[in-house]
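Side chains included, hydrogens not; waters and symmetry mates left out as well; all remaining heavy atoms used. Nothing fancy with the numbering, it's 1 onward along the sequence.
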Amino acid sequence: MLYRLRKTAVSFAYLALIWLTWQWFQGDTAWTFSIGCVTVSGLWLALTWFQLGHLFDTYFDGFSRLKMLLPITVGLALSGLALWTAGPIELKGLAGFELFAWLFIYVRYRINRKKYITQGHGPLPKNAWVNPPVEVLQDLDLVLTSGRMADRLHESVGHGEVAIRGPRGEMMLLSAYMEKGVVLHRADLVASKLLKRGHYIVLRLAEPVSELKKELAPQLGQIMLEQNIAYRDATNRRREKVIGKLPLPSFLKRWLTTKLKATGYDWVGLIIGQRHADRWTCIGICLELYHRLGIKTSQYGTGLLGLGTGMLDPIKPARFLSDKAFRILSLEDRAEFDKARSEASQV
């Protein structure tokens, strides 16, 4: 609840500042030029400073980087203009303070940026273990991968899968594909395909997972797969029935049936960010499994302005990189894995 209230307040603050900035640029305020520069710059400075920690934590998200770079650019320009044009010494002092504060924020932004490397189309922590072997995977690890969505969003990752055990104890990955709906397939096959065309990273739950949850995860995954198949079949029957009643040639009906065939993927959830009971996006099904197991994560898909409407708030996989419920497998984990494998080979 507090998260939504904060998001709502911050969202309305951004909207109000955008409106105020536009009004000032149009000359619809009674401020003089220098006072307007100082006022608009100061308000943007206060909001950006308040959000600074959150924006650094969510640096993986392109929108967060935009919410830093645009205010920094506007703030530096306005405070610089105010310092140049202001008459009273008090106004010059205030403009100089704002200019210094904006430069300080920009320096911190550059320092924060050095903690990351560009992997694919977006940033990843420098110590992230990219493309770890499948043997590293543990129950309920979250595998984030590159792919079409990452390319479109210009981010490092754009697809998610969660690790669960198969019937013979082999490691499987549960996800939802646009072309197939919910899928449950072998982790080694997925990894080999990913290595040919991209990269992947692994996020591990920060809190240890109980044995009961590990045992329940495969059963829940199978239930969700069956739910999705039932939804897909029922939806296709309804669509075929409706198309069959249309006054159209048979070849056109067949074409419509093929084009409108449901795969089980949640296309609506891709846009609005909500999870449904029997169909999911790739990251939506990962969240659904975690929540059915009682594992808490950050809030996602909270809707436009944080009001919970589910409008225009898709759940982007890159946002999980700043989720406190997870930790990214790092180069330290790689060193420990290599050491253990070396010791095992010597026995």
Glu240/Arg237 ion pair, N-O < 4.0 Å: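 The answer is no: the pair does not qualify as a salt bridge.
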When you compare the side chain of Glu332 with that of Asn127, does any pair of heavy atoms fall below 4.5 Å?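 Yes, at least one pair of side-chain atoms sits under 4.5 Å.
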So, do Leu20 and Leu43 sit near enough that their side-chain heavy atoms are less than 4.5 Å apart?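 They are in contact (side-chain heavy atoms under 4.5 Å apart), so the answer is yes.
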Would a distance-only check, ignoring hydrogens and angles, find a side-chain to backbone donor-acceptor pair under 3.5 Å from [X] to [Y]?
X      : Y      : result
Ser342 : Asp338 : no
Gln23  : Thr21  : no
Asn236 : Arg232 : yes
Tyr116 : Tyr59  : no
Arg65  : Phe60  : yes
Thr48  : Leu45  : no
Asp323 : Thr297 : no
Lys115 : Pro125 : no
His199 : Ser156 : yes
Thr263 : Met178 : yes

Taking atom CG of Leu78 and atom CH2 of Trp102, what is their separation to the nearest 0.5 Å?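 Spacing of CG (Leu78) from CH2 (Trp102) equals 9.0 Å.
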May I ask you to establish whether Arg204 and Phe326 are in a cation-pi arrangement, using a distance under 6.0 Å from NZ or CZ to the six-membered ring centre and at most 45° from the ring axis?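 Arg204 over Phe326 ring: no.
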Exercise: identify the closest heavy-atom pair between [X] and [Y]:
X      : Y      : result
Ser298 : Lys324 : OG-N, 4.3 Å
Ala82  : Val38  : CB-CG2, 3.4 Å
Gly96  : Leu83  : N-CD1, 4.0 Å

Intermediate values then yes/no, side chain to side chain contact (heavy atoms under 4.5 Å, CB included), Thr257 and Arg239: CA-CA 7 Å; Thr257 300; Arg239 292 179 182 180; over 6 Å; no
Step through the shown structure and confirm whether more than 12 heavy atoms of other residues, nucleotides or ligands are within 6.0 Å of CZ on Arg334.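 Check fails, neighbour count at 12 or below.
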More than 12 foreign heavy atoms under 6.0 Å from CD of Glu207: is that the case here?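 Atom CD in Glu207 is not packed in, count stays at 12 or less.
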Side-chain H-bond candidate by donor/acceptor type, Glu226 with Tyr231, under 3.5 Å: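 No - no donor-acceptor pair under 3.5 Å links their side chains.
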Where do His54 and Gln51 land on the side chain to side chain contact (heavy atoms under 4.5 Å, CB included) test, with the steps shown first? CA-CA 5 Å; His54 171 72; Gln51 284 280 94; 3.9 Å; yes
What residues form a side-chain hydrogen bond (donor to acceptor under 3.5 Å, both in side chains) with Ser79, not counting sequence neighbours?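 Partners of Ser79 by the side-chain hydrogen bond (donor to acceptor under 3.5 Å, both in side chains) criterion come out as none, since no residue qualifies.
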Looking at residues at least two apart in the chain, or sitting in another chain, which of them share a side-chain hydrogen bond (donor to acceptor under 3.5 Å, both in side chains) with Asp61?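 Asp61 satisfies side-chain hydrogen bond (donor to acceptor under 3.5 Å, both in side chains) with Lys316, Arg319 once adjacent residues are dropped.
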Taking the six-membered ring where the residue is Trp, are the ring centres of His159 and Tyr200 under 6.0 Å apart?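 That pair fails the under 6.0 Å test.
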For Trp267 and Tyr265, I'd like to know if the aromatic rings sit close, meaning centre-to-centre distance below 6.0 Å.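 Yes, the ring centres sit under 6.0 Å apart.
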Between Arg327 and Asp333, does a salt bridge (charged side-chain N to carboxylate O under 4.0 Å, His left out) hold up when you go through it step by step? CA-CA 11 Å; Arg327 70 173 185 87; Asp333 294 294; 3.0 Å; yes
Could you check Trp280 against Met224 for side chain to side chain contact (heavy atoms under 4.5 Å, CB included), going step by step and ending with a plain yes or no? CA-CA 10 Å; Trp280 302 275; Met224 294 166 75; 3.9 Å; yes
